[in-house]
Amino acid sequence: MQAPASPLPGATALVLSGGGARAAYQVGVLQAIADMMPPACGNPFPIICGTSAGALNAANLAVHAACFQEGVEHLREVWSNFDSSQVYRTDWPGVLSSAIRWLSNLSLGLFNKTAPVSLLDNQPLAALLTRSLDLQRLPASIQAGHLRALCITACSYTRGDSVSFYQGDSDLEDWGRARRRGHRCELGINHLMASSAIPLLFPAVELDGEYYGDGALRQLAPVSPALHLGARRILVIGSGASGGSQGRRMTSGYPSLAQIIGHIMSSSFVDSLEMDLERLHRINQTVSLLPSEASTLLRPVQYMVLAPPISRIEELAARYAHTLPRSIRFFVRGSGMFKRAGSNLLSYLLFEAPYAQALMDLGYADAQAREVELREFLRPDLAPPSNVVAFRKAD
């Protein structure tokens with residue numbers, strides 16, 4: 001197995017986690033960072049990694065790597081004008097046809113060999129990405145030094161592992177670990193569609209003879225791809241922070257379908273990232289007790305995390321639930337998604353401008369509140385301190 005690429009001095013990576021509509025929060029954080037930087041500055045994140053909806057934001061930033069503010073402004077414009085019909089079909093014929101196909105396949109198996117089966121049709125998202133993202137610009141950005149690598153993670157249903165597809169500098173090498181691997185390729189819209197294909201809701205995507213779904217599935221180490229690509233410093237923008245059980249309202253009675261699915265999605269989008277960061281913290285504590293000779297096996301990795309409280313996201317989703325198209329509200333009204341306890345699931349699917357704007361405002365405010373810390377973290381001349389976080393070179 002190959003070790004991670006030799007890092008550039010102080011190379012900074014941006015890791016954008018999945019989270020469906022919650023990814024609007026990331027745009028607010030990025031907008032605040034852009035406002036902290038000089039006008040028309042270059043990309044402060046030579047390594048950009050994204051999963052699920054975070055992959056869509058990551059690809060946009062990579063395409064505009066020559067001018068960070070331009071990429072952020074493009075993201076802000078897209079999310080500010082979002083509606084669910086740009087992500088999945090919300091017209092009555094589209095919703096009903098998906099429902100009929102789903103039920104027919106579930107009971108009779110009529111469509112197993114003829115068409116992908118999912119609760120929602122996400123072809124509008126493919127059309128939006130084709131119009132708004134020119135991935136052909138990536139090689140020029142990499143050659144010019146604006147970008148070291150873009151990495152998009154998806155889950156292979158065929159092999160049952162996590163695959164990080166990357167496009168970047170020629171010195172980068174593929175890697176393989178337990179249930180995860182890195183694969184160099186020329187990234188395209190299909191990689192983004194695969195990474196954001198939420199199970200059951202959106203259909204799987206075929207890539208090189210394998211079928212892929214949402215990248216958060218089986219992503220046991222969300223930070224690992226950035227390390228393999230040479231990162232020494234990592235900014236993580238998540239889609240939610242649990243903060244334990246404190247501050248969250250307890251619910252009683254049998255859980256609704258929306259509650260159950262919401263917990264499943266959170267286990268993929270939130271829990272894996274939190275556990276990976278917790279592992280980094282534990283390794284750091286261990287390394288601080290080791291003699292200096294251990295530096296041959298361990299390297300320091302400074303990291304910073306920005307993520308909104310899940311309880312706050314659920315409150316916003318409940319507040320803007322009425323903006324979801326009538327056809328979708330009718331389709332899912334029996335799931336319990338519009339009750340307070342089911343708003344966790346709603347927070348992933350509410351691709352509507354008012355909700356997205358509220359999340360962007362939240363992200364902007366959170367980043368501004370940590371401006372001093374962010375400015376220090378993103379200083380290009382700052383070498384990562386040796387006692388912040390350590391991660392094994394072989395991981």
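- For the pair Arg22 and Tyr348, the distance from NZ or CZ to the six-membered ring centre is under 6.0 Å and the angle to the ring normal is within 45 degrees.
- In this view, Tyr211 satisfies the ring pair (Phe, Tyr, Trp, His ring centres under 6.0 Å) rule with no residue, not counting sequence neighbours.
- With hydrogens and angles ignored, the 3.5 Å screen pairs a side-chain donor or acceptor of Arg233 with a backbone N or O of Phe377.
- Note that the SG atom of Cys49 and the NE2 atom of His228 stand 10.5 Å from one another [nearest 0.5 Å].
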Run the numbers on Leu56 and Leu125 for side chain to side chain contact (heavy atoms under 4.5 Å, CB included), then give the verdict.
CA-CA 10 Å; Leu56 312 186; Leu125 177 60; 4.1 Å; yes
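- Here Leu346 contributes atom CG and Ile328 contributes atom CD1; the two are 11.5 Å apart, rounded to the nearest 0.5 Å.
- Contact of the Leu135 side chain with the Leu138 side chain is registered, since non-hydrogen atoms from C-beta on lie closer than 4.5 Å.
- Within the 3.5 Å criterion, the main-chain N or O of Ile152 finds no donor-acceptor partner in the side chain of Ser195.
- Val236 places none of its side-chain heavy atoms less than 4.5 Å from the side chain of Leu16.
- A donor-acceptor pair is defined here as one N or O able to donate and one able to accept, closer than 3.5 Å; such a pair exists between the side chain of Gln86 and the backbone of Asp83.
- Residue Tyr364 is not grouped with residue Phe68 when hydrophobic side chains (ILVMFWY) are merged at heavy-atom distances under 4.5 angstrom, including chains of intermediate members.
- Side-chain N/O atoms of Ser224 and Arg180 include a donor and acceptor closer than 3.5 Å.
- A salt bridge links Arg181 with Asp161: at least one charged nitrogen is closer than 4.0 Å to a carboxylate oxygen.
- Counting all heavy atoms, side chain and backbone alike, Ala358 lies closest to Leu316 at CB-CD2, 4.1 Å.
- For the pair Val15 and Ile237, the minimum side-chain heavy-atom distance is 4.5 Å or more.
- Side chains of Trp79 and Met360 form a contact here, defined as non-hydrogen atoms less than 4.5 Å apart.
- Looking at Asp276 and Arg279, a side-chain N of the basic residue comes within less than 4.0 Å of a carboxylate O on the acidic one, giving a salt bridge.
- No side-chain heavy atom of Ser164 sits under 4.5 Å from any side-chain heavy atom of His183.
- A donor-acceptor contact closer than 3.5 angstrom is absent between the side chains of Glu77 and Asn81.
- No more than 12 heavy-atom neighbours from other residues, nucleotides or ligands sit within 6.0 angstrom of CG on Asp208.
- Residues Asn122 and Pro203 meet the side-chain proximity criterion, which asks for heavy atoms closer than 4.5 Å.
- With contacts defined as side-chain heavy-atom distances shorter than 4.5 Å, the pair Asp366/Arg370 does not qualify.
- Here the straight-line distance linking atom CZ of Phe45 with atom CD1 of Ile33 works out to 4.5 Å at 0.5 Å rounding.
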Run the side chain to side chain contact (heavy atoms under 4.5 Å, CB included) check on Val87 and Phe351 step by step: do they pass?
CA-CA 7 Å; Val87 180; Phe351 290 94; 3.7 Å; yes
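- Distance alone, capped at 3.5 Å, places no donor-acceptor pair between the Asp121 side chain and the Arg89 backbone.
- Between Trp175 and Tyr166, the two ring planes are parallel [angle under 30°; tilted spans 30° to 60°].
- How far NE2 of His64 is from CG of Leu133: 8.0 Å, rounded to the nearest 0.5 Å.
- In summary, the side chains of Ser196 and Ser52 do not present any donor paired with an acceptor at a separation below 3.5 Å, with no hydrogens or angles considered.
- For the pair Pro308 and Arg312, the minimum side-chain heavy-atom distance is 4.5 Å or more.
- Using a cutoff of 4.0 Å between basic side-chain nitrogens and carboxylate oxygens, Asp169 and Arg148 are scored as salt-bridged.
- In this structure, the separation between CG on Leu129 and CD1 on Ile189 is 5.0 Å, given to the nearest 0.5 Å.
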Test log, rule side chain to side chain contact (heavy atoms under 4.5 Å, CB included), inputs Val72 and Gln69:
CA-CA 5 Å; Val72 172; Gln69 280 95 343; 5.7 Å; no
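- In terms of hydrophobic clustering, with Ile, Leu, Val, Met, Phe, Trp and Tyr side chains grouped at heavy-atom distances under 4.5 Å, Tyr25 and Met304 are assigned to a common cluster.
- Gln167 places a side-chain N or O within donor-acceptor distance of the main-chain N or O of Leu187, the cut-off being under 3.5 Å.
- Inspection of the Ser156 and Glu210 side chains reveals an N or O donor paired with an N or O acceptor under 3.5 Å.
- In terms of modelled atom types and a separation under 3.5 Å, the side chain of Tyr355 and the main chain of Ser347 share a donor-acceptor contact.
- A donor-acceptor contact shorter than 3.5 Å links the side chain of Glu352 to the backbone of Ser84.
- Checked for salt-bridge contact, Glu371 and Arg375 meet the test: a charged N lies under 4.0 Å from a carboxylate O.
- For the atom pair CD1 (Ile234) and CD1 (Ile47), the distance works out to 8.0 Å, reported to the nearest 0.5 Å.
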Phe165 vs Tyr212, test: ring-ring contact (aromatic ring centres under 6.0 Å, His included). Steps then yes/no.
CA-CA 12 Å; Phe165 298 99; Tyr212 291 87; 5.3 Å; yes
Hey, mind stepping through Leu359 and Val27 against side chain to side chain contact (heavy atoms under 4.5 Å, CB included) and telling me if it holds?
CA-CA 9 Å; Leu359 285 178; Val27 181; over 6 Å; no
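- With Asp214 contributing its side chain and Ala154 its backbone, the two residues share no donor-acceptor pair below 3.5 Å.
- The two atoms that bring Leu217 and Cys155 nearest to each other are O-CB, 3.6 Å, heavy atoms only.
- At least one donor-acceptor pair closer than 3.5 Å links the side chain of Ser17 to the backbone N or O of Ser239.
- Within the 3.5 Å criterion, the main-chain N or O of Ala23 finds a donor-acceptor partner in the side chain of Asn57.
- Of all heavy-atom pairs spanning Leu147 and Ala65, the tightest one is CB-CB, 4.2 Å.
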